[in-house]
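Take a look at the structure set out below.
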Amino acid sequence: MQNHGVVVPLGALYTKGNSVIGEFSDLIPFSQFCKTAGFSIIQLLPINDTGTQSSPYSGLSAFALHPIYIRLSEIPQFNSLYETSKDFKSEYDKFQKNHKYTLRYDYDSIMNSKISLLQKLYDATDIASNSKPDAALEKWIKSNSWIKTYSVYKNLKWKYMQASWKTWKKEDQLISSEEITKRWNDKALKKAHLFYAWCQMLAAEQFEKAVEAVHHNGIKLKGDMPILMNEDSCDAWAYPQYFNQNLRAGAPADGDNPKGQNWGFPTYNWKNLKDSDYDWWLQRLENASAYYDYYRLDHILGFFRIWAIPSGDCNALNGHTEPYAFIKKDELYELGFDDNRIRWLSQPHIPTNVIEDITWNHHGAHKILSIFCTQLPGEELWLFKSKITGSQQFWDTDLGPLCTEEAAYKIKETLVNYWSNRTLQEVAKNKFIPMWIYKNSTSWGTLNHKEKEQLTELFDKINTKNEKVWKKQADEIFTAIKSDKKIKMIPCGEDLGVSISCVPQTMKKHGIYGLKVVRWNRLWDKEGQPYVPFETYPELSVTTTSVHDSSTIRQWWKEEKDSVKAFIRMEPEAFGLEKDDSDKIEEMAITEFTPEIAQIIMKQSAKSKSNLIINPLQDYLFMDKKYWLEDEAQERINIPGTVTKFNWTYRLPVAVEDLQKNQKFIDTINKITKRS
């Protein structure tokens with residue numbers, strides 16, 4: 001049976017009783033609307049604590065819920081404190097007044113105000129007065145063992161004014177589980193630690209109450225499990241054995257990102273996780289199972305392999321897959337490469353003239369190169385010194401006394417480029433892998449045809465081995481997850497852009513849903529890059545019209561005309577056109593977006609054979625023009641690659657109660673959700 005759902009960030013929900021930011025309790029009226037509209041699933045973006053980061057994918061904790069979603073007025077102490085404390089009443093009223101409904105909410109201001117108000121409410125409890133948990137909190141703490149570590153960490157974050165734990169004093173940075181327990185039990189710190197535990201208990205209670213109401217309305221809840229943790233997270237601090245702090249996760253170079261992507265998050269040490277029977281990951285999923293029926297595994301490719309970048313690099317070019325198969329030095333010897341040739345292939349060689357062309361001074365070029373490099377005897381070629389461990393060092397070095405500011409910039413840029421100018425990368429002593437962009441390297445260009453053929457054949461063998469290594473790792477992880485009887489959620493993988501053959505096979509084997517974003521699900525190797533027909537979508541998949549990192553269908557229609565034309569060509573009859581009428585298809589593609597066009601797109605997408613069809617609420621709202629914003633750019637959630645106050649602060653343009661009253665709009669949605 002096909003199930004329709006809707007995606008929404010929790011903070012985006014807007015109800016008449018709550019104009020500040022969407023909260024756990026807002027799921028209750030929203031689920032009533034969803035029931036009426038024929039939806040059976042609500043998918044939330046991550047709602048874990050992210051501290052000062054508005055991005056829900058920059059988690060400060062794998063377990064803690066975000067206190068920003070707590071409804072203050074539902075806390076037991078609220079009414080009495082509001083009536084008896086002028087200070088509290090004044091601060092709360094000011095908070096409400098300063099945060100009346102706007103299209104984007106002020107994350108920092110709301111979070112800071114809520115924490116301050118939560119602290120005042122906590123101070124009015126017997127827990128704060130006695131520095132001792134009451135029966136309810138004590139029971140909750142026993143059922144959530146992670147809370148002790150989180151509370152100690154959060155209190156240290158407060159002590160250091162939210163600075164990264166890597167800047168703390170050594171005795172606070174490097175801390176054992178025994179030391180964490182000792183600090184949790186420290187009477188002088190108990191009141192502060194219990195504040196964070198109390199907040200988490202409130203968040204859990206309010207979320208559980210909302211989940212119960214959602215389920216009562218016949219709606220399932222789908223959560224989102226970000227694969228990575230912030231390097232400044234509680235988990236990276238408390239469980240350093242599970243994270244590679246010397247590596248950063250990202251993506252290799254491609255057409256849109258010629259330098260690759262560096263996401264800034266540490267990679268996992270899967271060996272140590274495996275040795276612990278994946279205990280941390282399983283606890284994380286067990287914790288989520290208390291709320292969700294389905295869950296999205298973010299960047300599922302990362303469970304097979306992650307693109308790991310040295311932490312000292314400023315781009316992703318010198319990254320490599322983790323895990324990896326490698327080429328032994330002996331294999332290169334067998335192909336006829338001696339140590340000098342291997343050095344030529346695996347180490348960048350910088351000619352003096354590339355710096356001299358910038359400085360117009362031979363002696364000056366030598367002085368600059370000698371800072372970073374060693375000159376080969378008798379040659380105008382240089383090798384990077386062993387002290388250079390990452391390309392960021394070039395940018396961090398002051399060249400002021402040696403050249404102009406403009407020349408310094410060009411020199412550093414040149415050195416960064418040469419840092420990745422290799423055919424092979426030595427990932428460990430006498431172990432090599434091909435660089436992702438090895439064909440662009442100087443050394444590759446100097447090889448003869450036979451040598452290129454030999455290395456290409458060797459690289460192909462490595463790729464074949466890699467697939468087996470990656471499949472083995474993912475198999476082990478997914479088997480452990482599926483074997484845990486406490487995890488009752490249905491897994492859905494975010495497998496966008498995956499071209500590795502073992503990924504779909506392994507996902508199918510473990511019953512993990514794939515993701516099909518309509519506009520990107522195309523036959524890219526065929527002429528005209530036609531859309532994949534909806535009737536061929538696999539049942540074990542989730543179909544969606546947009547995602548949180550993409551534009552909405554309204555923006556897509558306006559800005560991506562080639563993609564729009566290809567969509568219309570798939571079934572022009574849906575737009576009232578003849579199949580062979582190219583001129584009319586061209587005309588349709590350049591017409592203004594309308595609610596009727598939105599309805600066609602949503603109806604067409606609902607023809608998918610996927611078991612789950614879950615679209616963003618914004619794309620449904622376009623079917624009624626009164627819900628359109630003047631600026632369509634304001635309707636998207638996030639713009640990848642940017643860090644601004646705009647991202648992740650979207651709010652619905654209409655109160656949920658008003659959506660519920662709009663019978664015409666509900667009937668329009670029902671024509672889509674009931675037809676399949």
Side-chain H-bond candidate by donor/acceptor type, Y650 with N638, under 3.5 Å: no
Audit row: Y82, D93, side chain to side chain contact (heavy atoms under 4.5 Å, CB included) steps and yes/no: CA-CA 10 Å; Y82 187 79; D93 289 346; 2.7 Å; yes
K482 atom NZ: more than 12 heavy-atom contacts under 6.0 Å: yes
Distance-only side-chain donor-acceptor flag, H215 / D293, under 3.5 Å: yes
Step-by-step side chain to side chain contact (heavy atoms under 4.5 Å, CB included) determination, L612 to I41: CA-CA 9 Å; L612 304 179; I41 299 171; 3.6 Å; yes
Flag if over 12 foreign heavy atoms under 6.0 Å of NZ, K190: yes
K220 atom NZ, neighbour heavy-atom count above 12 within 6.0 Å: no
Donor-acceptor pair between N647 and T642 side chains, under 3.5 angstrom: yes
Aromatic ring pairing Y242/W280, orientation class (parallel under 30°, perpendicular over 60°, tilted between): tilted
Check: Y268 ring centre within less than 6.0 Å of W270 ring centre: yes
Counterpart residues, side chain to side chain contact (heavy atoms under 4.5 Å, CB included), relative to E178 (two or more places apart): S176
Distance-only donor-acceptor check, side chains E657 and T15, under 3.5 Å: no
Aromatic centroids of W198 and H193 separated by under 6.0 Å: no
Check: Y291 ring centroid to F207 ring centroid under 6.0 Å: yes
Parallel, tilted or perpendicular: rings of Y513 and Y294 (30°, 60°): perpendicular
Audit row: Y150, I147, side chain to side chain contact (heavy atoms under 4.5 Å, CB included) steps and yes/no: CA-CA 5 Å; Y150 170 78; I147 192 61; 3.7 Å; yes
Aromatic ring proximity Y57/W648, centre distance under 6.0 Å: yes
Ring-ring centroid check F593 W556, cutoff 6.0 Å: no
Parallel, tilted or perpendicular: rings of W168 and Y153 (30°, 60°): tilted
Distance-only donor-acceptor check, side chains S61 and N48, under 3.5 Å: no
Aromatic plane relationship, F78 with F88 - under 30° parallel, 30 to 60° tilted, over 60° perpendicular: perpendicular
